[in-house]
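Dropping a structure here in structure tokens format, bear with me for questions.
Source: prediction; values computed, not measured.
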Amino acid sequence: MRKFMLLAAGLVASVLVGCASAPQLTFGQQVSIACGAAQGELAILRSDNVFTGGAANTLTNDIEPAIGKVCAAGATVTSPDLQAVVNSTLPLIKSVVDASSLPQDKKNAANAAIDTGILAFNIAVNLAPVATSGAAAK
């Protein structure tokens, strides 16, 4: 399942970045894609038992609230919220992965998936409406 999730995230990134004729997505659609990637990777990392001990507290107190703020159904999403996920939350997940007892190949795969999430959230930041401070993501 892990390989499938990573493959799916990679395909999304390839379609969005590597193709000049990529479909034009709305801000809300891109936020949904980014959230799906982030939530999928968190589920994989949970099943790999990355979030134990202090990492479980980091997940509960820092990571989940930040992801929830932009990914909750009906949430009002702003560029600063998305930028916080890119600049703080996803790098925090990478630091938890790097400190975990996962084998190096799994750490590398997780970090690659997180990098894909960073890319997806950055695309959403660029699609954010300029005229208003936020827009409904879903």
Side-chain angles (χ1 to χ4, degrees):
M1 178 165 145
R2 178 176 186 78
K3 288 182 182 178
F4 174 75
M5 290 296 295
L6 293 174
L7 177 63
L11 288 174
V12 168
S14 295
V15 167
L16 295 175
V17 175
C19 183
S21 63
Q24 297 298 310
L25 299 173
T26 66
F27 174 65
Q29 289 168 328
Q30 185 59 38
V31 170
S32 292
I33 289 168
C35 286
Q39 291 168 331
E41 187 58 24
L42 283 176
I44 291 167
L45 293 173
R46 277 188 198 97
S47 71
D48 285 343
N49 294 315
V50 169
F51 297 107
T52 59
N57 292 335
T58 300
L59 175 68
T60 302
N61 297 328
D62 301 316
I63 296 169
E64 288 178 331
I67 297 291
K69 187 172 186 176
V70 297
C71 296
T76 297
V77 181
T78 66
S79 288
D81 293 335
L82 294 173
Q83 202 64 60
V85 169
V86 169
N87 293 339
S88 302
T89 306
L90 294 177
L92 179 59
I93 296 170
K94 287 180 85 165
S95 69
V96 169
V97 167
D98 291 340
S100 75
S101 62
L102 285 177
Q104 190 60 47
D105 63 327
K106 284 192 171 190
K107 287 181 182 182
N108 294 344
N111 283 324
I114 294 164
D115 288 339
T116 301
I118 290 170
L119 172 66
F121 278 107
N122 272 323
I123 292 170
V125 168
N126 289 324
L127 290 174
V130 177
T132 62
S133 63
K138 298 189 179 167

Between Cys71 and Phe121, which heavy-atom pair has the shortest distance, and what is it?
SG-CZ, 4.4 Å
Only pairs at least two apart or in different chains count here, so list each salt bridge (charged side-chain N to carboxylate O under 4.0 Å, His left out) that has a residue in residues 28-40.
none
Contacts of type side chain to side chain donor-acceptor pair (under 3.5 Å), residue Thr52, not counting sequence neighbours
none
Return each pair, listed once, that meets salt bridge (charged side-chain N to carboxylate O under 4.0 Å, His left out) where at least one residue sits in residues 64-75; pairs must be two or more places apart or across chains.
Arg46-Glu64, Lys69-Asp81
What pair of heavy atoms forms the shortest contact from Thr89 to Ala66, and how long is it?
OG1-CB, 3.1 Å
Nearest non-hydrogen partners of Val97 and Lys107, listed with the distance:
O-CE, 3.5 Å
Leu42: which of Ile114, Ile63, Val50 passes side chain to side chain contact (heavy atoms under 4.5 Å, CB included):
Ile63
If you look at every heavy atom in Leu127 and Thr26, which pair is closest and at what distance?
CD1-O, 4.0 Å
Got a sec, which residues hit salt bridge (charged side-chain N to carboxylate O under 4.0 Å, His left out) with Asp115, two or more places apart in sequence or on another chain?
Lys94
Does any part of the side chain of Gln83, heavy atoms only, come nearer than 4.5 Å to the side chain of Asn122, both counted from C-beta?
yes
Go through the structure and list residues passing side chain to side chain donor-acceptor pair (under 3.5 Å) with Asn49, not counting sequence neighbours.
none
Give me the atom names and distance for the closest heavy-atom approach of Ala38 to Ile67.
CB-CD1, 4.2 Å
Close side-chain approach of Asn87 to Pro91, heavy-atom, < 4.5 Å
no
So how far is it from Asp48 CG to Ser100 OG, rounded to the nearest 0.5 Å?
8.5 Å
Identify the heavy atoms of Val86 and Ile118 that sit nearest to each other, and give their distance.
CG1-CG2, 3.9 Å
When rounded to the nearest 0.5 Å, the distance separating CD1 of Ile44 from CD of Gln39 is 12.5 Å
State, yes or no, whether a side-chain contact exists between Phe27 and Val77 at a heavy-atom distance under 4.5 Å.
yes
Checking Asp98 now: which residues fulfil side chain to side chain donor-acceptor pair (under 3.5 Å) with it, not counting sequence neighbours?
Asn111
